[in-house]
Structures are given as C-alpha cells and as structure tokens.
Amino acid sequence: MAHAAPRPLRADAQRNRQRLLDAAVRAFSQSGPEVTLESIARAAGVGIGTLYRHFPTREALVEAAYRNELGKLCDAAPDLLDRLPPERAVRAWMDLFIDYLAAKRGMADALRLVIATGANPYAESRDRLYGALDLLLRAGAEAGTVRADVAVADVLASLSGVSLAAGEPDRRDQARRLLDLLMDGLRYRAGS
C-alpha cells in the first residue's frame with residue numbers, strides 16, 4: 001500500500017512553524033541547548049502544543065531550525081541572481097553565508113546533542129552549499145565578471161575563514177572588509 005504524500009500546511013500553520021524555527025535559532029544561539037521549549041513557543045507567539053505538533057522532540061526542533069537556516073541561505077542564490085547582477089549576487093550571498101555560520105556556531109551545543117542521538121543534521125549541507133555557490137559563480141563567469149577558474153570548495157573555505165576571524169556581530173565591519181577583499185580576488189580581469 002502506497003503512502004499518501006503529507007498534506008501541505010495551511011498558511012497559518014506554515015507561519016507558526018516559521019515563527020517557531022526563527023525563535024528556536026535565536027533561543028539556542030543566545031541561551032544554549034537547555035533553553036526551555038516553552039520559552040521558544042512563547043517567543044514565537046504560540047502555545048506549547050503548537051510547538052509539539054510541528055516538532056515532537058527538542059532534537060527535531062534543533063535539526064529543523066538548522067536545516068531552515070541552511071535552506072534560507074541556499075534558496076537565496078537564485079533569488080539574488082533574479083534581482084542583482086551576478087557579481088553583486090555573489091557578494092550579497094557572502095554576507096548571508098556569514099550570518100548562516102554565526103547562527104550555526106550559536107547553535108553548536110544544541111546541534112551536538114542532536115548528533116549524539118545518531119542524527120546527522122549536516123547530511124545535506126555540503127551538497128546544498130556547493131550547489132548554491134556554484135550557481136552564483138557560474139553566473140558570474142558567464143557574465144564575464146567572476147573568474148571561471150575558481151573552485152567552489154576554495155571559496156567556501158575562504159568564507160569559513162572570514163567567519164572564524166570576524167564572524168561575531170561586533171566584528172561585522174571587519175567581516176565586510178574581508179569579504180570585499182575576497183570578492184576582489186574573484187573578479188575577472190582581462191589578461192589575468
């Protein structure tokens with residue numbers, strides 16, 4: 001017997017789910033893995049029953065919150081290309097990447113608890129990140145504004161380095177300067 005696909009969430013249920021995910025990222029980042037689920041529900045403006053309907057366990061909430069942050073980052077790539085020239089889209093995505101890593105770092109303790117249960121919240125991270133950045137870099141190369149000889153892995157490693165050096169909120173000016181330097185190195189120059 002074939003299983004029916006899950007029904008899509010009603011608009012209000014989708015909004016509640018998204019508010020819970022956003023509140024969870026903030027709470028786990030600011031207060032660590034021991035933050036109460038009740039406080040997350042309260043911050044999202046919903047009852048605890050609503051939280052449990054969407055996320056039956058703390059681990060399910062943590063993993064979904066992390067995957068949501070990853071999804072927002074990766075899904076931004078085509079949206080940025082729709083709105084901006086490729087070179088500017090790459091640079092805008094870099095800022096989003098720093099925000100993503102800051103949220104991931106803030107949620108590190110909570111994510112470690114998820115991993116301890118045997119789950120792997122990072123299972124699809126690498127492929128999704130590579131796909132999003134590859135899309136951006138290829139668009140820049142096709143437009144003739146970004147070097148075509150740049151490896152996605154090298155750019156991701158560079159972005160991770162910037163995040164480690166200057167990813168804290170009080171160091172965002174330095175992060176912007178470092179990202180500008182990285183972007184300058186990615187620009188195509190005739191004769192190079």
Side-chain angles (χ1 to χ4, degrees), residues 3-84 89 91-133 135-136 159-160 163 167-172 175-176 179:
H3 292 281
R7 286 186 341 190
L9 293 175
R10 294 183 331 256
D12 62 328
Q14 182 58 40
R15 279 190 303 274
N16 287 342
R17 184 179 193 282
Q18 189 58 53
R19 288 195 332 241
L20 283 163
L21 292 171
D22 293 341
V25 169
R26 282 190 309 275
F28 291 125
S29 295
Q30 294 169 0
S31 303
E34 300 307 318
V35 66
T36 67
L37 296 182
E38 290 80 5
S39 67
I40 292 172
R42 196 170 33 258
V46 300
I48 191 67
T50 299
L51 183 146
Y52 281 116
R53 266 193 302 286
H54 289 283
F55 309 106
T57 65
R58 173 182 296 274
E59 292 78 16
L61 176 60
V62 172
E63 186 168 356
Y66 167 72
R67 289 184 188 273
N68 186 63
E69 292 300 300
L70 174 70
K72 286 193 294 191
L73 172 65
C74 295
D75 294 345
D79 294 338
L80 289 168
L81 287 171
D82 285 345
R83 295 184 291 114
L84 301 169
R91 179 58 184 82
W93 193 84
M94 289 178 175
D95 284 323
L96 296 174
F97 186 86
I98 298 301
D99 293 340
Y100 157 78
L101 283 185
K104 181 180 168 187
R105 189 170 39 252
M107 293 179 62
D109 290 337
L111 286 164
R112 275 191 282 281
L113 293 176
V114 170
I115 292 167
T117 68
N120 182 2
Y122 306 124
E124 64 187 51
S125 300
R126 182 181 180 275
D127 290 343
R128 293 212 52 204
L129 290 169
Y130 271 59
L133 185 55
L135 175 71
L136 291 161
L159 289 170
S160 296
S163 177
E168 297 300 320
D170 61 339
R171 304 199 56 205
R172 281 306 165 100
R176 278 190 272 292
L179 292 175

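Side-chain atoms are counted along with the backbone in the values below, which use heavy atoms only and exclude waters and symmetry mates. We number each residue from 1, following the sequence as shown. Being a predicted model, the structure only gives us computed values, none of them experimental.
Counting heavy atoms from C-beta on, the side chains of V62 and P33 never come closer than 4.5 Å.
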Name each donor-acceptor pair under 3.5 Å that joins a side chain in residues 104-112 to protein atoms two or more places apart or in another chain, with its distance.
residue	atom	partner	partner atom	Å
R105	NE	E168	OE2	3.4
R105	NH1	S163	OG	3.2
D109	OD1	R112	NH2	2.3

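Pairs of residues two or more places apart, or lying in two chains, that qualify as side chain to side chain donor-acceptor pair (under 3.5 Å) and include a residue from residues 35-50 are T36-S39, T50-R53.
Between D99 and R172 there is a salt bridge, with a side-chain nitrogen of the basic residue lying less than 4.0 Å from a carboxylate oxygen of the acidic one. K72 and D79 are not joined by a salt bridge, as no carboxylate oxygen comes within less than 4.0 angstrom of a charged side-chain nitrogen. Under 4.0 Å is where a charged nitrogen must lie from a carboxylate oxygen, and between D22 and R26 no such pair does.
For R126 and Y130, the positive end sits near the middle of the six-membered ring, less than 6.0 Å away and at most 45° from its axis.
W93 places a side-chain N or O within donor-acceptor distance of the main-chain N or O of L73, the cut-off being under 3.5 Å. Not a single donor-acceptor pair under 3.5 Å links the side chain of R83 to the backbone N or O of A89.
Scanning all heavy atoms of the two residues, the minimum distance from A41 to L20 falls at CA-CD2, 4.0 Å.
The side chain to side chain donor-acceptor pair (under 3.5 Å) test applied to R15 returns no partner, not counting sequence neighbours.
In this structure, CG in L113 is found 13.0 Å from CD in E63, a value given to the nearest 0.5 Å.
Using cut-offs of 30° and 60° on the angle between ring planes, the pair Y66 and Y122 is perpendicular.
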